[in-house]
Amino acid sequence: MGTERKRKVSLFDVVDDPAAKMAKTNGGRADGGCAVANNLINRWNGKPYSQRYHEILEKRKTLPVWHQKEEFLQVLKDNQTLILVGETGSGKTTQIPQFVLEAVDIETPDKRRKMMVACTQPRRVAAMSVSRRVAEEMDVNIGEEVGYSIRFEDCSSARTVLKYLTDGMLLREAMTDPLLERYKVIVLDEAHERTLATDVLFGLLKEVLRNRPDLKLVVMSATLEAEKFQGYFNGAPLMKVPGRLHPVEIFYTQEPERDYLEAAIRTVVQIHMCEPSGDILVFLTGEEEIEDACRKINKEVSNMGDQVGPVKVVPLYSTLPPAMQQKIFEPAPPPLKEVRVESLLVSPISKASAHQRSGRAGRTQPGKCFRLYTEKSFNNDLQPQTYPEILRSNLANTVLILKKLGIDDLVHFDFMDPPAPETLMRALEVLNYLGALDDDGNLTKLGEIMSEFPLDPQMSKMLVVSPEFNCSNEILSISAMLSVPNCFVRPREAQKAADEAKARFGHIDGDHLTLLNVYHAYKQNNEDSSWCYDNFVNHRALKSADNVRQQLVRIMARFNLKLCSTDFNSREYYVNIRKAMLAGYFMQVAHLERSGHYLTVKDNQVVHLHPSNCLDHKPEWVIYNEYVLTSRNFIRTVTDIRGEWLVDIAPHYYDLSNFPQCEAKRVLERLYKKREKEKEEARSRK
DNA sequence: GAGCACTGC
């Protein structure tokens, strides 16, 4: 890799002249060119700028990136790829895409359509909120010239010239538009987070750039790993933008905290009592914890009565509806204090993200950062960077996407951090067993359809084949339910009632069918939220399952996969559903040994049924949705299946000549013999 | 008979 060509751009401030720039880039447009040059008319929608535009513009000009605007544009002009390192508060996420838009020519031969600038974000909230902000800064309506695109919500139009989108969304777009031809410039933001999608986009874009000399790439990162990016992108120039606007003081605890949640709440209350007014941002790991913390903070503060001011606690996590998530961007009414409880990354975090989080405190004014661990622990225990997701994930889905993108030689695909060859091999093997890839590793017709579903390949497979089992409606519902957070609520003060409520949905043949019952009951009760509350199911989870289901239905329709159900009164109703599930999950099967333990077929692991299961017996064979390692090896969400079905539905996987000697093998041998005999009898009857 | 959390499509 051409690190020898590495360049560093010198930093110097250039006096900015936006008016001249705009006149230049406005090109040959006759309409009001003069007004545009004079900064009176918005070149994007032809309307006069509002007063607010100018007010915001003055504030924007104080952001650190503005001091390097001309320099940035020069580097962009001279290079196809560039890397920009800017810490929190530099303004890079909102300003850089606007600078780009101002400078590049996005006209196309078709006068009605322009090319776009894309800016990716790892998270939906960010894509949405940043685009809103930028639309305001550009004095246009969100969804028109500036838009965003996230799963379930495309807020963009034919007029959109700047689009914020999740990195996963851009990857999906690449599947139908392999050269990303509607984009002129792609900005990959938060590249340091190294999400799976970002990492795949790195490799993909590197190739696309070779085929599209007119495309440009800006990689933005918050951390010093930038030199690694530089090496990877053939010595692309590196620009550094100074970070936060205000100093942040960092405090550590003296002793390690036993209960970080309790410590976090205590710290919040202390800050509330002792510090001047402002915002507090708390990082926690999950929905339940966040809701819990919100309740406790409210309670503790109200217990203190008039000694302290009121507090407004705002939760933030991904499964909150978007409108609720937007709440955290509303300013707190002046006399109130505000606590925002946020969940972003699962701990233990890296030093880099700890640093980035502390940066949040200095965004609008000087801040303080309270780390609920010791300084020693920060220095010794935390990894310097977050380990890239691609090195710790199951890659079956990623490999399927790459294949669909036309990347055949995965071993030589240019990953920034190549996954172990065994990991890739395992993914290829799984896809081959599922019939998504043929024996030469080429995508099959089935695989092509599977790749269009935003699901794991096992689930896509069961969905695609479900019409053959006459139960696609039910498999759609089950898939949707498996794709959202656990819908069963079990509050500490009402555990017994919650268990009883769950038991009412229980299906003796397994948890998948229980989920189906819940979904059906939810629909039959008109998606009513108080019904959910009374029955201890999470309304939000069910609503989002419904949303997922609709998306899946649309994909099914695109491929003419028929929506069908077996007659509910037929004995085959549940049998068909279980068989269809097995057609996708035949690699996730466990067998009950005479010892009373379950052994997985895949790797002969001893596993236990997760206590959340609703079976009233221990079936000889089960399929499971996931394998979780907590206090024991558990298989969670399990359903009873019959050994005969393994032989019928997945004989290529249950090929006994490759099977290790075990009880399951002997059982299967008998089943195969039985099948042989049945066939012979049928033949002789003829 | 024990919970374990997250993100993205």
Side-chain angles (χ1 to χ4, degrees), chain A residues 120-128 149-154 165-176 190 193-201 260-261 283-293 315-320 325 341-349 353 386 388-390 392-394 396-398 400-402 404-405 450-457 459-460 479-480 483-486 488-492 495 498-499 502 538 541 544 547-548 551-552 554-555 596 607-616 618 626-637:
Chain A
T120 67
Q121 296 293 319
R123 277 170 297 279
R124 302 154 50 102
V125 216
M128 202 163 59
S149 177
I150 57 181
R151 188 185 188 184
F152 304 129
E153 206 184 338
D154 181 7
L165 71 179
T166 48
D167 47 13
M169 201 68 203
L170 186 63
L171 195 56
R172 285 275 154 191
E173 285 190 4
M175 286 171 52
T176 48
E190 312 288 351
E193 288 202 21
R194 303 294 305 277
T195 65
L196 238 170
T198 297
D199 266 28
V200 174
L201 283 169
Y260 65 85
L261 185 61
F283 290 91
L284 297 170
T285 64
E287 176 176 336
E288 209 182 300
E289 208 174 84
I290 290 170
E291 290 290 353
D292 199 31
L316 175 65
Y317 43 83
S318 73
T319 49
L320 273 181
Q325 298 193 16
V341 182
E342 183 167 1
S343 152
L344 283 182
L345 303 166
V346 178
S347 57
I349 61 168
S353 34
T386 310
E389 204 182 347
I390 198 156
R392 51 190 165 88
S393 313
N394 172 337
N397 209 5
T398 305
L400 188 61
I401 291 172
L402 286 168
K404 169 70 187 171
L405 289 166
M450 283 167 58
S451 72
E452 296 288 329
F453 287 92
L455 306 168
D456 277 342
M459 205 182 280
S460 322
S479 302
S483 302
V484 300
N486 180 17
F488 295 108
V489 183
R490 200 164 182 254
R492 212 160 298 160
Q495 292 189 350
D499 289 345
K502 187 179 171 185
N538 183 340
S544 94
N547 212 351
V548 172
Q551 187 192 20
L552 301 179
R554 283 195 295 271
I555 301 171
V607 290
H608 305 270
L609 301 181
H610 195 275
S612 64
N613 88 79
C614 63
L615 294 161
D616 69 343
K618 279 178 115 181
E626 54 186 348
Y627 169 86
V628 284
L629 198 128
T630 49
S631 56
R632 290 169 105 176
N633 295 337
F634 289 111
I635 47 175
R636 190 162 54 186
T637 316

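Lettering of chains follows the sequences in order, A, B, ..., and the numbering in each one begins at 1. This is a predicted model, so every value here is computed, not measured.
Ranking B/dC9, B/dA2, B/dA5 by closeness to the A/R636 side chain, first place goes to B/dA5. Ranking B/dC4, B/dG1, B/dC9 by closeness to the A/H610 side chain, first place goes to B/dC4. Side-chain proximity of A/V628 to B/dC9, B/dA2, B/dA5: nearest is B/dA5. Which of B/dG1, B/dA5, B/dC9 sits closest to the side chain of A/M169 comes down to B/dC9. Taking every side-chain heavy atom of A/R124 into account, B/dG8 is the closest of B/dA5, B/dA2, B/dG8.
Rounded to whole Å, atom C1' of B/dG1 lies 12 Å from atom NZ of A/K502. Residue A/N394 contributes atom CG, which lies 15 Å from atom C1' of B/dG8 at whole-angstrom precision. Atom-to-atom, CG of A/L552 to C1' of B/dC9 comes out at 11 Å; the value is rounded to the nearest Å. Counting to the nearest Å, the C1' atom of B/dG1 and the CG atom of A/N613 are 10 Å from each other. In this structure, A/E153 atom CD and B/dC9 atom P are separated by 11 Å, rounded to whole Å. The interatomic distance linking A/E190 (CD) with B/dG8 (P) rounds to 13 Å, in whole Å. Look at CD on A/Q551: it is 13 Å from P on B/dG8, rounded to the nearest Å. We find that CZ of A/R392 is positioned 10 Å from C1' of B/dC6, with the value rounded to whole Å.
Contact check on A/R554 versus A/E452 returns no salt bridge, with no Lys/Arg side-chain nitrogen under 4.0 Å from an Asp/Glu carboxylate oxygen. A/R124 has no carboxylate O lying under 4.0 Å from a charged side-chain N of A/E153, or vice versa, which leaves the two without a salt bridge.
Across all strands shown, A/F634 has heavy atoms under 4.0 Å from sugar-phosphate atoms exclusively, and none from any base. Residue-level contact check: A/T166 touches the backbone only, with heavy atoms under 4.0 Å from sugar-phosphate atoms and none from bases.
For A/D499, the salt bridge (charged side-chain N to carboxylate O under 4.0 Å, His left out) partners two or more places apart in sequence, or in a different chain, are A/R490. Not a single ring-ring contact (aromatic ring centres under 6.0 Å, His included) links A/Y627 to another residue, sequence neighbours left out.
For A/R632 and B/dA2, the shortest distance from a side-chain N or O to OP1 or OP2 is below 4.0 Å.
Atoms CG and CE, on A/L171 and A/M175 in that order, are 8.0 Å from each other to the nearest 0.5 Å.
Toward the 5′ end of DNA chain B lies the nearest nucleotide of A/E626, the other residue of the pair A/F453 and A/E626 mapping further downstream.
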